[in-house]
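Structure, as structure tokens:
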Amino acid sequence: MEKKMFCYQCQETAGCTGCTVTGVCGKGPELAALQDLLVYATKGLSEVTTALRKQGEGISEELNAYIVFNLFTTITNANFDDEIFYLRIAETLKKKEELLNRLSDKNGLHEAALWNAATREEIKAQADKAGVLATENEDVRSLRELIIYGVKGLCAYLKHAWELGKTDAEVDAFLQRALAATLDDNLTVDELVALAMETGKFGVEGMALLDRANTEAYGHPEITKVNIGVGNNPGILVSGHDLRDLEQLLEQTQGTGVDVYTHSEMLPAHYYPAFKKYSNFIGNYGNAWWQQKEEFERFQGPILMTTNCIVPPKASYQDKLFTTGAAGFTGCKHIERDENGHKDFGPIIELAKSCPPPVQLEEGEIIGGFAHNQVLALADKIVEAVKTGAIKKFFVMAGCDGRHKTRSYYTDFAKALPENTVILTAGCAKYKYNKLDLGDIGGIPRVLDAGQCNDCYSLAVIALKLKEAFGLEDINDLPIAFNVAWYEQKAVIVLLSLLYLGVKNIHLGPTLPAFLSPAVAKVLVDSFGIAGMGTVEEDLELFLA
């Protein structure tokens with residue numbers, strides 16, 4: 001069958017080899033090509049900014065943010081609007097041309113840095129050079145894509161930090177240098193491996209930056225019980241990851257009679273003290289992102305997608321689906337920010353007023369808020385529980401959820417864990433077990449939810465602090481096992497960050513990434529002990545040995 005496209009950046013890619021006709025996520029060949037072209041144009045722009053830095057010139061915060069935003073829009077399930085990509089590519093080429101005029105020496109620049117296009121046909125004509133398969137060497141291609149996907153995940157976190165006024169010029173300079181390096185045919189496999197590990201280093205710094213941004217703006221997450229039922233008022237459902245968007249929506253819904261609910265990765269917003277002052281912030285509705293077609297339809301009110309994790313909507317609710325930021329879908333209303341960062345959510349609020357209340361899916365509460373500050377407040381209790389044997393082992397089961405049927409493994413694994421074990425989680429992977437009645441150990445819940453996928457940083461901080469508390473030299477000597485699920489590129493930067501921190505023997509599932517060539521996968525296995533998912537029984541025996 002003729003390849004109409006090629007994409008293998010997510011876990012669900014067709015046959016665990018690559019989507020070649022249409023994306024499992026829902027994007028078609030033209031959109032796939034446009035996303036590749038925007039990444040290619042951004043690589044070229046990044047080569048120019050990197051050269052300008054070597055020339056001693058500075059790059060503005062606005063341009064750094066622009067590059068971050070470009071990469072964020074190409075993350076899986078973020079933006080399905082072809083028009084946005086045509087506009088971003090044209091803008092990126094224009095910005096690059098302006099910067100080229102400041103560059104004293106253009107010799108040696110890759111053709112991506114010199115590429116220009118005046119029409120859409122000229123843009124599309126570059127597609128063959130921009131795609132993943134343009135790199136012929138399988139191992140070089142694999143390492144380049146590992147770096148690019150890591151950088152995409154990093155850009156997601158930098159975008160959220162930027163919205164809260166936090167930037168890091170060193171991190172921005174690195175990600176642009178890394179993008180430019182993926183154009184360099186002179187780099188060896190060893191040099192690309194080293195660059196992938198350096199990406200992990202800056203992944204840690206990027207997640208730490210976002211952690212500071214969130215906690216300085218909204219306080220440290222605290223232990224919180226979250227309602228999963230519904231109220232009697234009409235509501236707005238907020239999904240994605242951007243806390244600043246949620247804050248503005250909550251401010252604008254005060255006194256309107258409209259309630260606000262979180263969905264999927266927005267659940268951890270309930271853990272922040274600053275959001276508890278809003279009486280119309282009712283609770284969490286539904287589960288992980290992939291169930292949204294059924295859950296959004298039953299919600300009955302409007303939905304705001306603040307970031308990625310859009311599933312192409314049903315006609316029954318598409319007119320109620322709004323996007324903002326890097327998210328987008330053709331035909332859905334998009335809410336822009338003004339020059340001061342303000343967004344007018346009035347149209348969503350007015351629509352909500354005319355809708356019935358949400359249909360109740362479930363009732364009860366779930367508990368979370370175990371980010372690093374809260375867990376470290378319990379450190380003495382946790383250390384004592386480990387020393388006495390009340391807690392035998394911690395299992396980091398963070399990451400992503402998804403549609404893959406084999407992901408039921410994570411529910412079964414959680415159920416099968418001995419009662420003297422504790423799960424540390426973050427990201428939407430939690431929905432596989434956060435509603436199970438697993439009890440507690442001396443008042444410590446057996447599922448400790450740190451928050452969103454970026455809060456995997458909290459899990460790393462907790463592990464490092466426990467290493468210190470037990471007087472250990474190596475993080476791998478802790479009674480902690482890593483059984484992690486992945487789906488898209490934010491999970492890639494988390495993985496690279498863990499590897500940079502020295503964590504070994506991570507089990508990654510439900511499948512290993514399709515973009516890892518056999519040789520690159522062997523490097524990860526031999527150097528870091530990366531392993532795939534076995535059966536529940538096999539893995540439990542291995543982990544508990």
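Hydrogens, waters and symmetry mates play no part in the numbers below; they use all other heavy atoms, side chains included.
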Do you know the tightest heavy-atom contact between Ile310 and Phe80? O-CE1, 3.6 Å
Under-4.0 Å salt bridge between Arg141 and Glu145: no
Pair Tyr271-Gln374, side-chain hydrogen bond (donor to acceptor under 3.5 Å, both in side chains): steps then yes or no: CA-CA 11 Å; Tyr271 311 156; Gln374 179 65 78; over 6 Å; no
Out of the candidates Thr224, Thr262, Asn227, only one should pair with His270 under the side chain to side chain donor-acceptor pair (under 3.5 Å) rule; please name it. Thr262
Check this for me: Asp380, atom CG, are more than 12 non-hydrogen atoms of other residues, nucleotides or ligands nearer than 6.0 Å? no
Count the heavy atoms of every other residue, nucleotide or ligand shown that sit under 6.0 Å from NZ of Lys276, and state whether that count exceeds 12. yes
Indicate yes or no for a side-chain donor-acceptor contact from Thr199 to the backbone of Leu195 under 3.5 Å, with no hydrogens or angles considered. yes
Lys166 bridged to Glu216 by N-O distance under 4.0 Å: yes
Going through the distances and angles, do Thr42 and Asn70 end up as a side-chain hydrogen bond (donor to acceptor under 3.5 Å, both in side chains)? CA-CA 7 Å; Thr42 307; Asn70 272 6; 3.0 Å; yes
Could you walk me through whether Phe395 and Phe413 satisfy the ring-ring contact (aromatic ring centres under 6.0 Å, His included) test, starting with their C-alpha distance in whole Å, then the side-chain angles of each, then the deciding distance to 0.1 Å, before giving a yes or no? CA-CA 10 Å; Phe395 284 83; Phe413 188 89; 5.6 Å; yes
Is the shortest distance from a Lys or Arg side-chain nitrogen in Lys467 or Asp474 to a carboxylate oxygen in the other one below 4.0 Å? no
Is the distance between the ring centroids of Phe543 and His507 under 6.0 Å? yes
Please determine if Glu205 and Lys201 form a salt bridge, counting it only when a charged side-chain N lies under 4.0 Å from a carboxylate O. yes
With sequence neighbours excluded, what pairs up with Lys293 under the salt bridge (Lys or Arg N to Asp or Glu O under 4.0 Å) test? none
Any salt bridge linking Asp185 with Arg144? Criterion: basic side-chain nitrogen under 4.0 Å from a carboxylate oxygen. yes
Is it the case that the side chains of Tyr409 and Asn483 hold a donor-acceptor pair, with the cut-off being a distance below 3.5 Å and no angle test? yes
For Phe72 and His160, run ring-ring contact (aromatic ring centres under 6.0 Å, His included): C-alpha distance rounded to whole Å, both residues' side-chain angles, the deciding distance at 0.1 Å, then the answer. CA-CA 10 Å; Phe72 192 10; His160 300 321; 5.6 Å; yes
Using the rule given for side-chain hydrogen bond (donor to acceptor under 3.5 Å, both in side chains), can you reason through Asp449 versus Thr425, listing the C-alpha separation, both sets of side-chain angles and the distance that settles it, and then say yes or no? CA-CA 5 Å; Asp449 175 23; Thr425 191; 5.3 Å; no
Centroid-centroid under 6.0 Å between His404 and Tyr487 rings: no
